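What you are looking at is a predicted structure, and each value in this text was computed from that prediction instead of being measured. Each chain gets a letter, A, B and so on, in the order the sequences are listed, and its residues count up from 1.
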Amino acid sequence: MKIPPVKGTRDFYPPDMVRRNWIIDGWKKVSVRNGFEEYDGPIFEYLKMFQIKSGDEIVEQLFSFEDRGGRDLALRPEITPTLARMVNQQINSLPKPIKWFSVPRLFRAERPQKGRLREFFQWNIDIIGADDNVLADAEVIFTTIDYLQEVGLSSKDVKVKMSSRKLLAAVLRNIGIPEDKHDALYTLLDKKAKLPPKTFTEMLDKQVHDSKQANKIKAFMELESVPHVEKMFSRDNEVVMANDELAEVRHRLDQMGVADYCIFDPSIVRGLAYYTGVVFEVHDVVGDLRAICGGGRFDNLLHDFGGPLIPATGMGMGDCVLQILFEQKGLIDKNLPEKQLDYFVATVDKPLNIGMADGVVEKTEEDIVVQLTAKLRLAGYFATFSYKAGGLSKQLKEASDRNAGKCIIIGEEFKNNQLVVKDMATGKQELVDYDKFLSGLKS
RNA sequence: GUGAAAGUAGCUCAGUUGGUAAGAGCACUGGAUUGUGGAUCCAGGGGUCGCGGGUUCGAAUCCCGUCUUUCACCCCA
């Protein structure tokens with residue numbers, strides 16, 4: 001019986017694995033050089049844990065099961081709750097700020113579509129308990145950009161679109177929208193970029209009946225820079241303060257030299273209610289893909305998980321959309337590390353009797369090949385030989401296919417204790433004394 | 001959960017109105033080449049045409065169901 005792979009999962013054959021590792025290694029390298037330490041948690045947790053942050057409707061979107069002791073468990077759809085739990089458990093002994101990163105394998109029981117699968121990897125970086133919120137937000141965004149730059153995505157390819165939940169809330173309050181309508185509005189405003197302008201206007205009018213108010217919201221959503229906000233709402237202290245904060249983050253990013261990646265975009269809202277300050281997403285400039293990553297400030301998170309009120313900010317980037325973008329830009333194959341075989345040990349495949357004249361010791365060429373390959377490996381080289389029966393011609397072809405640097409040929413010369421060492425790039429070959437070759441390996 | 005399109009070899013695909021159409025290229029294996037690689041030529045293996053049912057003398061082809069994939073919606077942590 002043939003069993004197909006499960007919907008929304010991926011098989012990683014060796015070439016796919018090379019790509020996956022390239023992405024993940026890049027995430028890790030950039031995290032470390034930006035001062036983040038790696039952590040991880042279990043791949044399943046209590047179902048309850050995922051409901052705290054995201055509510056009951058989330059249960060439908062995740063893989064859950066009951067263990068034999070009747071516990072309701074779920075495969076993790078995100079790692080932030082685990083982070084909150086782990087940090088809360090040791091909150092008093094951890095030096096602040098806590099700068100941690102992780103590359104968890106996550107699971108969501110959604111219907112797969114472009115850039116969304118049921119199993120994927122997501123890079124997470126978080127800064128918890130920093131005294132300077134503005135600097136922490138800037139550092140999270142900088143680290144994100146550092147990675148994008150590292151893999152060859154310039155500010156012409158991708159943009160970090162930033163806004164602020166605090167600012168948006170203050171603006172809505174200033175316009176006179178009652179607090180209980182904010183969450184529903186966030187959901188709509190978050191969709192602005194996706195909807196045709198006419199549809200957006202219609203939907204906005206449905207939620208905000210006063211056309212003056214609706215027009216003000218629309219005017220705010222159209223603003224292209226932070227100074228414009230100040231002009232429009234200069235008398236509202238809350239708006240001004242939230243706006244200043246966003247401007248300070250921009251100023252820091254400017255100092256860090258990555259301002260050309262960043263633009264103010266009031267239509268960046270983020271779906272969930274738990275963001276409390278700066279929010280951002282990275283989008284490709286062409287704009288036909290969903291967000292490459294999303295992040296922002298969530299100062300209530302640890303408190304919601306039974307810990308103290310302590311500021312936090314972070315970012316999550318999945319591997320699915322990223323990989324599509326890399327393919328569009330042709331970035332992966334260009335950057336993959338070349339697989340390099342140091343030595344391929346070949347034989348002429350003739351029986352070769354070596355040893356004392358009286359024939360007490362007898363070795364075949366194959367014995368020499370296996371012994372020499374093992375010696376090379378023990379000395380730290382990437383060495384191999386052929387399993388196939390075939391002439392030298394076949395073996396050289398195999399060495400060439402495997403991108404070998406050098407090929408060692410065991411043949412008649414071995415009777416004089418000599419190897420043929422062939423440089424595969426130049427095609428030149430030389431006779432080398434076996435013992436000298438071996439002693440040369442150790443230096 | 002809703003809607004649309006698609007499924008033929010490991011991959012990309014062709015297959016005429018339903019009538020010897022089970023096919024090509026790439027990949028893989030072997031040979032030309034018994035001591036010299038990337039090329040070329042030749043040959044070979046590999047498919048219940050996603051699966052099940054129906055219509056028909058006859059189905060890869062038409063109908064129904066189902067599974068899977070892709071895309072969009074819902075949602076997006």
So which one's nearest nucleotide on RNA chain B is more toward 5', A:Glu398 or A:Pro5? A:Glu398

Is A:Arg111 side chain donor-acceptor paired with the B:C71 base, going by distance under 3.5 Å alone? no

Under 4.0 Å, heavy atoms only, any strand: does A:Glu60 hit a base, just the sugar-phosphate, or nothing? nothing

Against the side chain of A:Glu110, the closest entry in B:U36, B:C75, B:G30 is B:C75

Quote, to the nearest angstrom, the P distance that separates B:U69 from B:U33. 50 Å

Of all the nucleotides listed (B:A77, B:G38, B:U36), which has the minimum atom distance to the side chain of A:Lys397? B:G38

May I ask you to verify whether the side chain of A:Gln395 and the base of B:U36 hold a donor-acceptor pair under 3.5 Å? no

Just compare B:U29, B:U36, B:U68 and give me whichever is closest to any side-chain atom of A:Lys7. B:U68

Both A:Arg290 and A:Val420 contact RNA chain B. Which one's nearest nucleotide lies toward the 5' end? A:Val420

Please determine whether any donor N or O and acceptor N or O are separated by less than 3.5 Å between the side chain of A:Lys114 and the base of B:U70. no

Give one of base, sugar-phosphate or nothing for A:Lys194, where a contact means two heavy atoms less than 4.0 Å apart. base

Should the side chain of A:Arg270 and the base of B:A77 be counted as holding a donor-acceptor pair, with the cut-off at 3.5 Å? no

A:Val348 has its side chain closest, among B:A77, B:G35, B:G38, to B:G35

